[in-house]
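Bear in mind that the values here come from a model prediction, so they are computed numbers and not experimental data. We name chains A, B, ... by the order of the sequence lines, and we start the count at 1 in each one.
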Protein chains: 2
Amino acid sequence: MGRKTDRRIQRTRKALFDAFMALLLEKEYEAITVTEIADQANVGRATFYLHYRDKDDLLASNIEALFEEVAGRIRPLLKQSILARDTIQGRILFEEAARNKDLYLLVFRQGGTLLYDRLQRHMADLIAETLETLIMGGDSPIEISLLASYLTGALTALVKWWLENDMPCSADYMAAVAQHLIRPGMEQVALLESDWYTQKE
Amino acid sequence: MGRKTDRRIQRTRKALFDAFMALLLEKEYEAITVTEIADQANVGRATFYLHYRDKDDLLASNIEALFEEVAGRIRPLLKQSILARDTIQGRILFEEAARNKDLYLLVFRQGGTLLYDRLQRHMADLIAETLETLIMGGDSPIEISLLASYLTGALTALVKWWLENDMPCSADYMAAVAQHLIRPGMEQVALLESDWYTQKE
DNA sequence: TTATTTTCTGGACAAATTGTCTAATTTTGG
DNA sequence: CCAAAATTAGACAATTTGTCCAGAAAATAA
């Protein structure tokens, strides 16, 4: 049963992904060729096609798993931090971003539909989930997916600004800013009556 | 002086750009070939290279101008609407988005570094500009570029949600939501003392 | 260890794309 | 009408892509 355990497979796949990530730091995704990847990985080009259908497949097979891991870390952070009624624990979100700075900057820069949108959607889903459990019972006067999109966009913008500006201030500070910018509005809409605006359609 | 007026040039360039936009609605930017563009435009492939260096050049020469035009419309809207103290004129922003729905959806979808980032940066600059004139004199307790990034991200998220969900509510409604979500936070930070948070560094 | 299975390799292949270049053909503006 | 400019089809070498093969190399099993 030593089929999937073959060291050569692990070694080759890791070499290919490492090479890919290295190239991704220099060039645009679309500008990277399979030849370059195999070259940088010190692996025959035919070997590449032995493991992956194409460039997208390599990305999907690896980044996807990476995101799963990151998402796993983000999920509990989001739930307990973003909308906690009293304390500001949003700090841990910015700390998470700082820890994986390279990864997130890569996502922001190479973005496109591949990584950026994927992360945005994932965050929006997580947030919507969290909001739903918070509201549980009384329904929100405003579409939850809309609120989730707003929160995602706002938080992402803050994190992006922070990372792209080389983290000129502490995670605590950023969390406090996020707190002051976002919470009042969220409380405002939470207090709205269901019929606060009748012209919706 | 009949050099730039040559109808053939105008006709060819328009045909090429129209073909490009048409293809952009079906396929990803990177998947579109010069051959396809020339084909769709009913123009020789050599003619394409007579006008543009490559695909990026075609995009830069046209979309850029288009953005200039859009930006020109957005500028006054932003200034008078987003941060007007009393009335909600943010409606015109959503109306603008609705008018150019196809264009903005294209930007959101094809995004990448090419269009999306460009628009984001432009908006952030415009907003920062506006904020600076608003604050004029007393300096902001929070980095203006940070506030501008937040506003850009938040507004973009709302517009994106609205367009991607086929505008399920009126522009008025969206403007009201934006108002309730964003303004309280902005007023909150505007009231902060310069030393409200000492751990910035 | 030896035998067997799997993976890796370099090379070759057709197809598609790119950017450049010609030499003819058409259209425009004067 | 004529000269200038734009367009055209086609050819061209250079890359890239995805597939295939036969042999070398390495891992696993007995």
Side-chain angles (χ1 to χ4, degrees), chain A residues 1-65 110 112-115, chain B residues 1-65 110 112-115:
Chain A
M1 51 130 78
R3 238 182 294 190
K4 300 158 72 178
T5 332
D6 198 323
R7 287 175 194 160
R8 288 173 294 180
I9 297 180
Q10 316 298 326
R11 188 157 38 84
T12 298
R13 290 191 178 164
K14 174 164 170 42
L16 284 172
F17 184 59
D18 286 348
F20 185 59
M21 292 293 279
L23 289 170
L24 219 37
L25 289 176
E26 306 169 4
K27 323 177 59 173
E28 274 195 2
Y29 172 79
E30 302 294 344
I32 298 174
T33 70
V34 173
T35 310
E36 284 174 319
I37 299 175
D39 230 30
Q40 169 103 13
N42 276 318
V43 148
R45 196 170 66 91
T47 309
F48 176 94
Y49 289 104
L50 211 57
H51 293 275
Y52 305 105
R53 209 180 321 103
D54 51 27
K55 217 178 16 171
D56 289 340
D57 193 27
L58 167 63
L59 186 69
S61 302
N62 290 279
I63 285 276
E64 207 66 28
Q110 304 299 348
T113 322
L114 284 163
L115 311 183
Chain B
M1 49 127 79
R3 232 173 311 179
K4 299 156 73 176
T5 334
D6 197 323
R7 286 177 195 160
R8 287 174 295 179
I9 296 180
Q10 316 297 326
R11 188 158 37 85
T12 298
R13 291 193 176 160
K14 173 163 170 44
L16 284 173
F17 185 59
D18 286 348
F20 185 59
M21 293 293 279
L23 288 169
L24 219 36
L25 288 176
E26 307 170 3
K27 321 178 62 172
E28 275 194 2
Y29 173 79
E30 303 293 344
I32 299 174
T33 69
V34 174
T35 310
E36 283 175 317
I37 299 175
D39 231 30
Q40 170 102 14
N42 277 316
V43 148
R45 196 170 65 92
T47 309
F48 176 95
Y49 290 104
L50 210 58
H51 292 275
Y52 304 104
R53 208 180 322 105
D54 50 29
K55 219 179 14 172
D56 290 339
D57 193 27
L58 167 63
L59 186 69
S61 302
N62 289 279
I63 286 277
E64 207 67 27
Q110 304 298 346
T113 322
L114 283 162
L115 312 183

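A:Asp57 is not listed as a side-chain neighbour of A:Phe48, based on a closest heavy-atom distance of 4.5 Å or more. Side-chain contact between B:Lys55 and B:Ile37: present, with at least one pair of heavy atoms (C-beta onward) separated by less than 4.5 Å. With contacts defined as side-chain heavy-atom distances shorter than 4.5 Å, the pair B:Tyr52/B:Phe17 does not qualify.
Atom CG in B:Asp54 sits about 9 Å away from atom P in C:dT20, given to the nearest Å. The nearest whole Å value for the distance from the CZ atom in B:Arg53 to the C1' atom in C:dT20 is 14 Å. Rounded to whole Å, atom P of D:dA27 lies 6 Å from atom CZ of A:Arg11. Between A:His51 atom NE2 and D:dG18 atom P there is a gap of 16 Å when expressed in whole angstrom units. For the pair B:Leu16 CG and D:dA6 P, the interatomic distance rounds to 14 Å; values are reported in whole Å. A straight line from CD1 of A:Ile37 to P of C:dC8 spans 16 Å, rounded to a whole angstrom. Distance, B:Leu50 CG to D:dA5 C1': 10 Å, rounded to whole Å. Here C:dC8 presents its P atom at 17 Å from CG of A:Asp39, a figure rounded to the nearest Å.
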Exercise for the section: For A:Leu25 and A:Met21, run side-chain contact (heavy atoms from CB on, under 4.5 Å): C-alpha distance rounded to whole Å, both residues' side-chain angles, the deciding distance at 0.1 Å, then the answer. Expected result: CA-CA 7 Å; A:Leu25 289 176; A:Met21 292 293 279; over 6 Å; no
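Side-chain proximity of B:Arg45 to the nucleotides D:dA11, D:dA27, D:dT17 is greatest for D:dA11. Relative to the side chain of A:Ala46, the nucleotides D:dG18, D:dA26, C:dT9 differ in distance, and C:dT9 lies closest. The side chain of B:Thr33 has C:dT18 as its nearest neighbour among C:dT18, C:dC8, D:dT17.
Partner of A:Ile9 under the side-chain contact (heavy atoms from CB on, under 4.5 Å) criterion, chosen from A:Arg11, A:Arg7, A:Arg13: A:Arg13.
Taking for each of B:Ile32 and B:Arg8 the nucleotide of DNA chain C with the nearest heavy atom, the 5'-most of the two is the partner of B:Ile32.
Contact annotation: B:Tyr49 side-chain N/O to C:dG19 OP1/OP2 distance is under 4.0 Å. Between C:dC8 and A:Thr12, a contact under 4.0 Å exists linking OP1 or OP2 to a side-chain N or O. B:Thr47 has no side-chain polar atom (N or O) that falls below the 4.0 Å cut-off from OP1 or OP2 of D:dA6.
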